[in-house]
Amino acid sequence: MGAIAVQLATARGVTVVATAGADDLERASALGATAVAYGPGWPARVRAAAPQGVDAVLDTSGAGVLPESVDLAGGPDHVITIADMTAARHGVHLTGLDPADRAPEALPQLAELAAAAS
């Protein structure tokens, strides 16, 4: 899911800083993101990669990163998760469970991005 989000965002001209495991850093960079390693200290690495600040965070991991994400983005209104069921505890919106969150109109662009990546 993170790879799709990176492609959609960069296709729209958004600057993306993506956290990834060591084996996926090169792939995230190839998709157009500035890639930084996740794990302990990831917020400092993101801040170093984006000294101008972070406007928003999309959590696709559900790995308990919401408190740091809220701090990094400047508040819970700037964070969305598709994977962390504790979102409400942090004031963060959990998206994707409600059919109203779906965007089928994006499917043609997703298909184009997938074809271009192969």
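Just so it is clear, the values below take in all heavy atoms, side chains as well, and ignore hydrogens, waters and symmetry mates. In this chain, numbering begins with 1 at the start of the sequence shown.
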Are Leu72 and Leu58 linked, directly or through intermediate hydrophobic residues, by side-chain heavy-atom contacts shorter than 4.5 Å (ILVMFWY only)? no
Enter the distance from His90:NE2 to Thr81:OG1 here, rounded to the nearest 0.5 Å. 9.5 Å
Which pair of heavy atoms, one from Glu105 and one from Pro108, lies closest together, and at what distance? O-CD, 3.4 Å
If hydrophobic clusters are built by linking Ile, Leu, Val, Met, Phe, Trp and Tyr wherever their side-chain heavy atoms come under 4.5 Å apart, do Val79 and Ile82 end up in the same one? no
Locate the shortest heavy-atom distance separating Ala37 from Leu25; write the atom from each residue and the value. N-CD2, 3.7 Å
How far apart are the closest heavy atoms of Ala83 and Leu94, and which atoms are they? N-CD1, 4.0 Å
Nearest 0.5 angstrom please: Thr95 OG1 to Asp59 CG, how far? 12.0 Å
Measure from the side-chain N and O atoms of Arg27 to the backbone N and O of Ala3, and report whether any donor-acceptor pair falls under 3.5 Å. no
Heavy-atom closest pair (Leu66 atom, Ala87 atom, distance to 0.1 Å) is CD1-CA, 3.6 Å
If every non-hydrogen atom of Ala18 is compared with every non-hydrogen atom of Ala28, which pair is closest and at what distance? CB-CB, 4.3 Å
Under a single-linkage definition using a 4.5 Å side-chain heavy-atom cutoff for Ile, Leu, Val, Met, Phe, Trp and Tyr, are Val70 and Val54 assigned to the same hydrophobic cluster? yes
Using atom types as modelled and distance alone, determine if a side-chain donor or acceptor of Arg45 lies under 3.5 Å from a backbone N or O of Ala35. no
Separation between CG (Leu31) and CG (Leu8), nearest 0.5 Å, reads 11.0 Å
Connected via hydrophobic side-chain network under 4.5 Å: Val57 and Val17: yes
Under 4.0 Å between a Lys/Arg side-chain N and an Asp/Glu carboxylate O for Arg89 and Asp84? no
How far apart are the closest heavy atoms of Trp42 and Ser69, and which atoms are they? CH2-OG, 3.6 Å
